[in-house]
Protein chains: 2
Amino acid sequence: MTRVLVVDDEPSILRALRINLTAREYDVSTAIDGTTGLAAVARDRPDVLILDLGLPDMDGTEVIHGVRGWTSIPIIVLSAWGQEGQKVAALDAGADDYVTKPFGMDELLARLRAAVRRASPAPDEPVVTTPDFTVDLAAKQVMRTGGDDVRLTPTEWQLLEILVRNSGRLVTQRQLLREVWGPAYETESNYLRVYLAQLRRKLEPEPSRPKYLLTESGMGYRFRP
Amino acid sequence: MTRVLVVDDEPSILRALRINLTAREYDVSTAIDGTTGLAAVARDRPDVLILDLGLPDMDGTEVIHGVRGWTSIPIIVLSAWGQEGQKVAALDAGADDYVTKPFGMDELLARLRAAVRRASPAPDEPVVTTPDFTVDLAAKQVMRTGGDDVRLTPTEWQLLEILVRNSGRLVTQRQLLREVWGPAYETESNYLRVYLAQLRRKLEPEPSRPKYLLTESGMGYRFRP
DNA sequence: GCTGGTCGTTAAGGATTCATAAAGATCGTT
DNA sequence: AACGATCTTTATGAATCCTTAACGACCAGC
């Protein structure tokens with residue numbers, strides 16, 4: 001289920017979007033200003049952000065910069081008629097698309113679908129296999145070679161997914177912390193140690209001598225296929 | 001924040017660009033001739049280069065060749081009216097775009113945005129290969145020819161990365177020390193000796209007779225691909 | 001041949017980072 | 001209310017890395 005965060009200060013628009021998007025099987029959350037919006041992005045990690053440019057507390061482009069600083073989720077901007085300059089600035093700041101108010105719900109839905117589609121470029125290899133286990137990115141499933149599947153908690157899965165998607169590449173601790181826990185946790189590197197240990201216990205044949213989930217001291221972690 | 005380096009010998013133009021670009025949230029640095037311009041590119045590694053063709057000390061195309069020898073950052077050329085030949089030569093040499101003086105700030109800004117956008121999806125992080133080992137900048141991985149990968153510590157990696165990114169050209173001790181240890185360590189050249197020795201021990205087939213990590217006595221070091 | 005400077009090599013400590021276990025905190029479910 | 005699962009936090013010893021110093025080799029100039 002696609003999760004959408006709507007940031008707008010007009011209750012009527014929030015209400016209209018919530019009703020329409022929920023009816024279309026989107027999972028909707030809302031925020032009424034830039035500050036709570038930024039916090040909500042970090043906390044809820046939505047799949048798409050719909051952002052009104054005319055917020056009471058901060059400029060729309062500031063919000064975009066704040067989001068773009070650490071994630072690349074699609075951002076669709078809502079701009080009032082006549083705010084052409086703001087619109088361009090928003091696109092420059094990193095927004096993906098814009099809709100001018102007042103807008104038809106059909107148009108917004110179309111752009112929403114397009115944004116989501118663009119954002120998830122079908123990974124060319126949704127299944128990664130090693131001699132000891134198999135990771136199915138699409139099905140969110142891990143199976144040990146032999147048949148029984150491994151139960152992973154949500155956090156464990158997020159971590160594994162990032163490492164597997166960057167197969168062979170070193171992933172910085174900052175990046176892992178930012179993408180799993182949010183930008184406020186960039187220094188909590190002990191989280192990584194705890195969860196890497198759990199993943200190793202569940203996946204590695206010899207957890208204290210990892211073959212797949214490798215540590216590069218001082219730099220980050222790497223999944224070796 | 002996008003970093004722009006402006007190389008021009010006319011103070012009025014430097015001033016105008018600095019004001020306008022800074023106001024648009026660009027991080028601006030400047031140089032007044034080709035020599036310092038080339039040094040600034042190597043040192044600051046800007047995201048875009050704005051280069052006047054009519055420099056006092058060297059021909060514009062020479063500057064472009066000097067830059068293109070080792071990086072593919074976008075180059076926007078400024079040419080005085082009537083210098084059609086120079087303009088073509090500049091594009092041949094590898095410039096990305098040109099603006100004819102006198103120019104409107106809006107036009108320059110538009111071309112700047114376009115250049116940055118074109119460049120961003122193609123991060124220039126190549127794979128450098130030698131007969132004995134391979135350095136993958138993106139994956140932060142070094143593999144010896146034969147299969148086994150080499151473990152580098154963070155400091156070793158930083159050093160190697162700078163040398164490889166400046167493949168073939170001499171990198172000053174000052175520059176290496178500044179970029180790895182910070183400006184306060186610019187004179188601690190023994191650090192370099194220690195770490196170069198370690199890198200050679202890990203990478204060179206004959207560490208005491210280096211083929212790739214060369215010392216230029218009194219000057220600095222050079223990576224020969 | 002002596003001398004001062006630069007470079008290569010090595011090794012020991014102290015500092016940082018890591019692995020691991022285990023105890024609280026939180027949340028939803030029964 | 002109690003439970004189980006998950007997430008957070010803390011503590012400890014082990015592993016790794018960085019810094020620093022010492023010593024010898026090499027080269028240029030005197």
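Convention: sequence-line order gives letters A, B, ...; per-chain numbering from 1.
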Separation of [N] [atom2] from [X] [atom1] (nearest whole Å):
X: A/Lys202; N: D/dA5; atom1: NZ; atom2: P; value: 11 Å
X: A/Tyr195; N: C/dA19; atom1: OH; atom2: P; value: 16 Å
X: A/Leu213; N: C/dC18; atom1: CG; atom2: P; value: 15 Å

Decide yes or no on salt bridge (Lys or Arg N to Asp or Glu O under 4.0 Å) for A/Asp8 and A/Arg15, but give the supporting numbers first.
CA-CA 10 Å; A/Asp8 201 312; A/Arg15 197 167 147 275; over 6 Å; no
Keeping the roles fixed (side chain from [X], backbone from [Y]), state whether a donor-acceptor pair exists under 3.5 Å.
X: A/Thr130; Y: A/Asp132; answer: yes
X: A/Glu204; Y: A/Lys211; answer: yes
X: A/Arg165; Y: A/Leu137; answer: no
X: A/Arg3; Y: A/Arg45; answer: yes
X: A/Arg222; Y: B/Ala139; answer: yes
X: B/Thr2; Y: B/Tyr26; answer: no

Do B/Leu176 and B/Leu163 touch side chain to side chain, with heavy atoms closer than 4.5 Å?
yes
Could you tell me which residues satisfy ring-ring contact (aromatic ring centres under 6.0 Å, His included) with B/Tyr221, sequence neighbours excluded, listed by chain and number?
none
The criterion is ring-ring contact (aromatic ring centres under 6.0 Å, His included); which residues satisfy it with B/Phe133, sequence neighbours excluded?
B/Tyr212
Would you say B/Trp181 places a side-chain N or O within less than 4.0 Å of OP1 or OP2 belonging to D/dT19?
yes
Would you measure the distance from the P atom in C/dC18 across to the matching atom in D/dT19 and give it in whole Å?
16 Å
For nucleotides 25-30 of chain C, just jot down a letter per nucleotide in 5' to 3' order: B, S or -, based on protein non-hydrogen atoms under 4.0 Å.
------
Expected string for nucleotides 5-17 of chain C under the B/S/- scheme (protein heavy atoms, under 4.0 Å, primed atoms plus P, OP1, OP2 as sugar-phosphate) is -SBBBB------S
Worked check of salt bridge (Lys or Arg N to Asp or Glu O under 4.0 Å) between A/Lys202 and A/Glu156:
CA-CA 10 Å; A/Lys202 292 184 177 181; A/Glu156 287 166 6; 2.8 Å; yes
Distance col, row B/Ile64:CD1 vs B/Leu49:CG, nearest 0.5 angstrom, shows 8.0 Å
Mind listing the closest non-hydrogen atom pair of A/Val63 and A/Gly34 along with its distance?
CG2-CA, 4.0 Å
Using five base pairs at each end, measure the axis-to-axis angle across the helix from C/dG14-D/dC17 to C/dT30-D/dA1 and round it to 10 degrees.
10°
What residues 149-159 of chain B contributes to the DNA chain D interface at heavy-atom separation below 4.0 Å is B/Arg151, B/Thr153, B/Pro154, B/Thr155
